[in-house]
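Computed from heavy atoms alone, side chains included, the values below leave out hydrogens, waters and symmetry copies. Since we're looking at a predicted model, the values are computed, not measured.
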Amino acid sequence: MQLVRQKENTPAKRRGTVRAVLAALLVGAAVSGCGDGAGGGGEDRRKPVAGQPGAAAAQPGGPAAARAERVRREQAARAVAAKKWGLAKVPLAAPAPPAVKPRITTREGFEVEGGETLPPVFTTVPTKERVVFLTMDDGAEKDPELLRMMTELRIPYSAFLSDYVVSDDYGYFKDMQARGVTLSNHTLNHRYLPGLSKAEQRREICGEQDKIEKHFGARPTLFRPPYGNYNGDTLRVAASCGIKAVPLWAAEAFPDHMEWREWDQDLHPGDIILTHFRGREDWEGSMTDMIRHVMKTVTDKGYAVARLEDYV
């Protein structure tokens with residue numbers, strides 16, 4: 001293109017030229033904006049600014065992000081507590097509870113005649129998550145270190161209480177309940193239920209329901225028969241006084257070893273672990289020793305401890 005020298009260069013003409021250039025630039029910017037925008041057929045790569053319409057979608061957050069941040073903080077605190085309490089590894093974090101609890105059915109071989117409408121008896125909760133459940137029976141040992149340890153480690157567990165060993169210190173279990181532990185039924189006196197009449201079983205089971213409701217303000221829905229022994233009358237009586245499910249166990253924890261129900265002697269998703277409120281008078285170790293051992297087993301095998309009542 002050939003450049004043509006202007007013969008005149010008056011102030012008026014210079015102003016006109018400037019205005020023309022500015023107009024051309026504005027038109028070009030408008031066209032460019034339309035071409036990159038949603039209305040121009042191209043992809044809009046402009047990012048919304050916080051505080052303006054459309055900005056919310058671009059900001060990180062929401063329930064999933066909030067939970068991830070909470071889990072991160074809890075794991076950091078758990079790591080500090082694990083070191084304090086002498087755990088070999090930091091316990092794994094359990095996944096979020098299921099939105100809908102799984103359907104629990106009686107384990108094969110654990111049925112009673114006419115038991116289709118009775119509370120299910122089971123040793124494992126149906127789940128694909130790598131979680132197990134920790135439960136403690138009776139209430140004989142009342143170790144304050146256990147309460148502190150479990151609270152600081154954020155390990156959930158469930159307690160199945162028998163009044164004959166709990167009644168000397170209800171306060172200990174009120175403290176436990178205040179820390180988020182569900183208190184469930186293990187009968188008044190820990191008797192062998194199949195050897196009792198139906199009326200005697202009613203006193204043992206429903207009597208413990210009454211005791212727990214009186215002292216702790218909530219009537220249990222879970223029941224574990226002593227020694228894991230029961231019959232049809234046991235389940236019918238339990239159902240009549242508010243019991244909805246009968247969790248037994250797949251493994252039992254001690255301070256120095258594990259005992260297994262299954263032939264492969266291993267953990268499986270949803271397994272229930274039993275232990276007891278015991279101390280050095282009964283064990284070669286304390287309750288905190290038992291927790292260190294069971295958590296090493298659980299964590300080494302890639303499992304987290306979840307809260308039983310979130311699934312049952």
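- Leu153 and Val90 are not part of a single hydrophobic cluster, where members link through side-chain heavy atoms under 4.5 Å apart.
- Residue Leu87 holds its CG atom at 12.0 Å from NE2 of His293, rounded to the nearest 0.5 Å.
- Both Leu161 and Leu134 sit in one connected hydrophobic cluster of ILVMFWY residues. Membership requires side-chain heavy atoms under 4.5 Å apart, directly or through other members.
- Judged by distance alone, the side chain of Tyr172 and the main-chain N or O of Asp143 form a donor-acceptor pair under 3.5 Å.
- Ser184 contributes no side-chain N or O that, together with a main-chain N or O of Pro220, makes up a donor-acceptor pair within less than 3.5 Å.
- Surrounding NZ of Lys244 are at most 12 heavy atoms belonging to other residues, nucleotides or ligands under 6.0 Å away.
- To the nearest 0.5 Å, the span separating NZ on Lys174 from CG on Leu183 amounts to 11.0 Å.
- Contact check on Arg148 versus Glu152 returns no salt bridge, with no Lys/Arg side-chain nitrogen under 4.0 Å from an Asp/Glu carboxylate oxygen.
- Looking at Arg307 and Ser158, their side chains never bring a donor and an acceptor atom within 3.5 Å of each other.
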_side chain to side chain contact (heavy atoms under 4.5 Å, CB included) between Val294 and Thr275, intermediate numbers included_ = CA-CA 9 Å; Val294 72; Thr275 191; over 6 Å; no
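- A distance-only check finds no donor-acceptor pair linking the side chain of Glu309 to the backbone of Thr182 [under 3.5 Å].
- With ring centers used as reference points, Phe133 lies under 6.0 Å from Tyr311.
- Residues Ile273 and Val298 are in side-chain contact: their nearest non-hydrogen atoms beyond the backbone lie under 4.5 Å apart.
- In this structure, the side chains of Gln201 and Asn231 come closer than 4.5 Å at one or more pairs of heavy atoms.
- Of the inter-residue distances, the one linking Arg278 atom CZ with Met290 atom CE reads 11.0 Å to the nearest 0.5 angstrom.
- In this structure a side-chain-to-backbone donor-acceptor pair under 3.5 Å is missing from Arg224 to Phe160.
- Put simply, the side chain of Lys211 reaches to within 4.5 Å of the side chain of Tyr170, judged on heavy atoms.
- In terms of heavy atoms, Pro95 sits closest to Val131 at CD-CG1, 3.4 Å.
- With 3.5 Å as the limit, one finds a donor-acceptor pair spanning the side chains of Ser240 and Arg202.
- Under the 30°/60° scheme for interplanar angles, the aromatic rings of His257 and Phe254 are found to lie parallel.
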*Would you please test Asp271 and Thr124 for side-chain hydrogen bond (donor to acceptor under 3.5 Å, both in side chains) and show each step?*
CA-CA 4 Å; Asp271 275 357; Thr124 299; 2.7 Å; yes
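- Met287 is not listed as a side-chain neighbour of Glu145, based on a closest heavy-atom distance of 4.5 Å or more.
- No side-chain heavy atom of Phe110 sits under 4.5 Å from any side-chain heavy atom of Val246.
- Shown here are the ring-ring contact (aromatic ring centres under 6.0 Å, His included) partners of Tyr164, two or more places apart in sequence or in another chain: there are none.
- Taking 4.0 Å as the cut-off between side-chain N and carboxylate O, Lys214 and Asp210 do not count as a salt-bridged pair.
- Ring-plane geometry between Tyr192 and Tyr227 is classed as tilted, the angle between the planes lying from 30 to 60 degrees on a 0 to 90 degree scale.
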*Trace of the side chain to side chain contact (heavy atoms under 4.5 Å, CB included) decision for Tyr157 with Thr135*: CA-CA 5 Å; Tyr157 61 105; Thr135 63; over 6 Å; no
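- Looking at Glu141 and Glu281, their side chains never come closer than 4.5 Å, going by heavy atoms from C-beta outward.
- Within the structure, the side chain to side chain donor-acceptor pair (under 3.5 Å) test picks out the following pairs touching residues 111-123 (sequence neighbours left out): Arg107-Thr123.
- Once rounded to the nearest 0.5 Å, the distance linking CG of Asp169 with NZ of Lys142 reads 6.0 Å.
- The main-chain N or O of Trp249 is found under 3.5 Å from a side-chain atom of Arg261 such that the two form a donor-acceptor pair.
- A pairwise comparison of heavy atoms in Leu193 and Pro226 identifies CD1-CD, 3.9 Å as the closest pair.
- Considering only heavy atoms from C-beta on, Arg219 stays 4.5 Å or farther from Ile212 through its side chain.
- Transitive grouping of hydrophobic side chains (ILVMFWY, heavy atoms separated by less than 4.5 Å) keeps Leu188 and Val165 in distinct clusters.
- Rounded to the nearest 0.5 Å, atoms CD1 (Ile291) and NZ (Lys296) are 15.5 Å apart.
- Here the shortest heavy-atom pairing between Pro126 and Pro102 reads O-CB, 3.4 Å.
- Applying the ring-ring contact (aromatic ring centres under 6.0 Å, His included) test to Phe173 and every residue at least two apart in sequence or in another chain returns Phe277.
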*asked:* Could you walk me through whether Met295 and Lys89 satisfy the side chain to side chain contact (heavy atoms under 4.5 Å, CB included) test, starting with their C-alpha distance in whole Å, then the side-chain angles of each, then the deciding distance to 0.1 Å, before giving a yes or no?
replied: CA-CA 8 Å; Met295 290 311 302; Lys89 294 181 179 179; over 6 Å; no
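- Under the 3.5 Å distance criterion, the side-chain polar atoms of Gln209 are matched with a main-chain donor or acceptor of Cys241.
- Counting only distance, with no hydrogens or angles, the side chain of His186 and the backbone of Ser162 share no donor-acceptor pair below 3.5 Å.
- With hydrogens and angles disregarded, a donor-acceptor distance shorter than 3.5 Å links the side chain of Gln177 to the backbone of Phe216.
- Here the closest heavy-atom approach between residue Pro119 and residue Ile243 is recorded as CG-O, 3.5 Å.
- Taking 4.5 Å as the limit, every side-chain heavy atom of Leu92 sits out of range of all side-chain heavy atoms of Tyr303.
- A donor-acceptor contact closer than 3.5 angstrom is absent between the side chains of Asn185 and Glu208.
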*asked:* Pair Asp289, Arg280 - check side chain to side chain contact (heavy atoms under 4.5 Å, CB included), show working.
replied: CA-CA 10 Å; Asp289 292 331; Arg280 296 187 183 278; 3.4 Å; yes
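- Note on Met258 and Val305: same hydrophobic cluster, where clusters join Ile, Leu, Val, Met, Phe, Trp and Tyr whose side-chain heavy atoms are under 4.5 Å apart, directly or indirectly.
- Between the OG1 atom in Thr297 and the CG atom in Leu267 there is a gap of 7.5 Å [rounded to 0.5 Å].
- Looking only at distances, no side-chain donor or acceptor of Thr127 sits under 3.5 Å from a matching main-chain atom of Gly270.
- Heavy-atom minimum distance, Leu248 versus Pro225: CD2-CD, 3.8 Å.
- By the rule that hydrophobic residues join a cluster once side-chain heavy atoms approach within less than 4.5 Å of another member, Leu196 and Val121 end up as members of one cluster.
- Nearest heavy atom pair, residue Leu308 against residue Leu222, reads CD2-CD1, 4.0 Å.
- The environment of Arg203 atom CZ is sparse: at most 12 non-hydrogen atoms of other residues, nucleotides or ligands sit within 6.0 angstrom.
- Under the 4.0 Å criterion applied to side-chain N and carboxylate O atoms, Lys101 and Asp310 are not assigned as salt-bridge partners.
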